[in-house]
Amino acid sequence: EIGKFYSQLVETTSELRKSEEEYRHLSIYLKEITDGINEGIMLLDLDFKILWVNKMTREISGFKEGDLLGNYCYKVTHKRESPCQPPNDICPVFGVLKTGQPVTEVHTHYDKDGNEFYAEVVAYPIRDERGQIKQLVHVTRDITERKKTEKMLIRLNRAFRTLSEGNQVLVRATEEPELFKEMCRILVEVGGYRLAWIGLAEQDENKTVRPVAQAGYEKGYLETLNISWTDTERGRGPTGTAMRTGRPSICRNILTEQKFSPWRDEALKRG
């Protein structure tokens, strides 16, 4: 609706250009109307250069108006030096130029400081009196909170499905090794985890953690880790700590947490 409204205003503007006074009043009216809209609106030429923006565009992007006008939309929204190229990149503006119709896409944008957010973008064509596309309207809505809610619901749904299927396996299981194997499989296939494994605490001299079931990575990977549950470097990771203390242990970032350093290289090799 915003695109249609703006397109009509632009058409009216071209007719009123003959009267500079009427054009000036319409421009002020257009600015007042669009500055009250919660979507970011940009007017682009066919080279993706920004000709005009409303207040919300400045707020969403973090750029001042002078930094936006004359700049290119792909530099502002995607931090790129060239336009997005389909089919690898999703670009509603390309879609409009190809189809001649309004196009809606949801993809990632960046603000001035490089912060990522989800944007719903609608692009509309503006045509001249011969029906040729002469400009484009680019409307952006920040839907980051909506996407966060969607992701949370997906995670909750996965968690409930994982618990449900795990309970079914637990009830049906007759052999411990098969139970362990099925639990790992469910965590990966249903729960969406990259790797799940079960280890037993051996009572040998080195207090070894012996892998007995896994899913998500190739056989042999866990044996390279040499995890222990002693109070040593290889026993202070999340697995050894959980076994030694009897409490859950969490490592939230293997790239930065020191307690995961003995296994970081092997983990990074596998993404």
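When a residue number appears, it is its place in the shown sequence, counting from 1.
Val121 shares a hydrophobic cluster with no other residue; no ILVMFWY side chain has heavy atoms under 4.5 Å from its own. The hydrophobic cluster containing Ile143 also includes Val106, Tyr118, under a criterion of side-chain heavy atoms closer than 4.5 Å among ILVMFWY residues, counted directly or through chains of members. In the hydrophobic clustering (ILVMFWY side chains linked at under 4.5 Å, chained through shared members), Tyr110 stands by itself. Think of Leu255 as one node in a network of Ile, Leu, Val, Met, Phe, Trp and Tyr side chains linked at under 4.5 Å; its network also takes in Leu268.
Separating the CD1 atom in Ile50 from the OG1 atom in Thr77 is a distance of 7.5 Å, to the nearest 0.5 Å. Atom CZ of residue Phe48 and atom NE2 of residue His138 lie 9.5 Å apart, to the nearest 0.5 angstrom. Taking OG from Ser228 and CD from Glu205, the interatomic distance works out to 11.0 Å, rounded to the nearest 0.5 Å. Rounding to the nearest 0.5 Å places CG of Leu51 at 10.5 Å from CE of Met42. Distance CZ/Arg234 to CG/Leu225: 7.5 Å, rounded to 0.5 Å. Going from atom CG of Leu43 over to atom SG of Cys73 covers 11.5 Å, rounded to the nearest 0.5 Å.
Within the 4.5 Å cutoff, side-chain heavy atoms of Arg58 are placed close to those of Leu68. Side-chain contact between Lys207 and Met243: absent, with no pair of heavy atoms (C-beta onward) separated by less than 4.5 Å. A heavy-atom distance below 4.5 Å is not found between the side chains of Arg127 and Gln132. Proximity of Ile41 to Val137: side-chain heavy atoms (C-beta onward) are separated by under 4.5 Å at one or more points. In this structure, Arg158 and Arg155 have side chains that are not in contact, with every pair of non-hydrogen atoms separated by 4.5 Å or more. The shortest distance between side-chain heavy atoms of Val53 and Phe63 does not fall below 4.5 Å. Counting heavy atoms from C-beta on, the side chains of Glu202 and Val209 never come closer than 4.5 Å. Val188 has its side chain out of reach of Leu195: every pair of non-hydrogen atoms, C-beta onward, lies at least 4.5 Å apart.
For residues 254-265, every residue pair satisfying the salt bridge (Lys or Arg N to Asp or Glu O under 4.0 Å) rule, not counting sequence neighbours, is listed here: Glu257-Lys259. Applying the ring pair (Phe, Tyr, Trp, His ring centres under 6.0 Å) test to residues at least two apart or on different chains, the pairs with a partner in residues 237-266 are Phe260-Trp263. The salt bridge (Lys or Arg N to Asp or Glu O under 4.0 Å) pairs that include a residue from residues 106-117 number zero, where partners must be two or more places apart or lie in different chains. For residues 160-181, the set of pairs meeting the salt bridge (Lys or Arg N to Asp or Glu O under 4.0 Å) definition, not counting sequence neighbours, is empty. Sequence neighbours left out, the pairs with a member in residues 183-201 that pass salt bridge (Lys or Arg N to Asp or Glu O under 4.0 Å) are Glu182-Arg185, Arg185-Glu189.
Asp142 contributes a side-chain N or O that, together with a main-chain N or O of Thr144, makes up a donor-acceptor pair within less than 3.5 Å. When atom types are taken as modelled, the side chain of Arg244 and the backbone of Thr230 share a donor-acceptor pair closer than 3.5 angstrom. Thr104 contributes no side-chain N or O that, together with a main-chain N or O of Val122, makes up a donor-acceptor pair within less than 3.5 Å. Arg210 places no side-chain N or O within donor-acceptor distance of the main-chain N or O of Ala201, the cut-off being under 3.5 Å. No donor-acceptor pair under 3.5 Å is formed between the side chain of Asn38 and the backbone N or O of Arg141.
With no hydrogens or angles considered, no side-chain donor-acceptor pair links Asn206 and Thr208 at under 3.5 Å. Side-chain N/O atoms of Ser164 and Asn167 include no donor and acceptor closer than 3.5 Å.
Contacts of His109 classified as side chain to side chain donor-acceptor pair (under 3.5 Å), with partners at least two apart in sequence or in another chain: His107. Residues forming a side chain to side chain donor-acceptor pair (under 3.5 Å) with Ser261 (at least two apart in sequence, or on another chain): Gln258. Not counting sequence neighbours, Thr108 has no partner by the side chain to side chain donor-acceptor pair (under 3.5 Å) test.
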Next on the checklist: Please evaluate residues Tyr74 and Val93 with respect to the criterion side chain to side chain contact (heavy atoms under 4.5 Å, CB included), reporting the C-alpha separation (whole Å), side-chain torsions for both, the decisive distance (0.1 Å), and the verdict.
Outcome noted: CA-CA 10 Å; Tyr74 50 83; Val93 178; over 6 Å; no
Next on the checklist: Could you go through Asp128 and Arg130, starting from their C-alpha distance and side-chain angles, then the distance that decides it, and tell me whether this counts as salt bridge (Lys or Arg N to Asp or Glu O under 4.0 Å)?
Outcome noted: CA-CA 5 Å; Asp128 59 22; Arg130 294 172 300 172; 3.5 Å; yes
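Within a 6.0 Å radius of NZ in Lys79, other residues, nucleotides and ligands contribute more than 12 heavy atoms.
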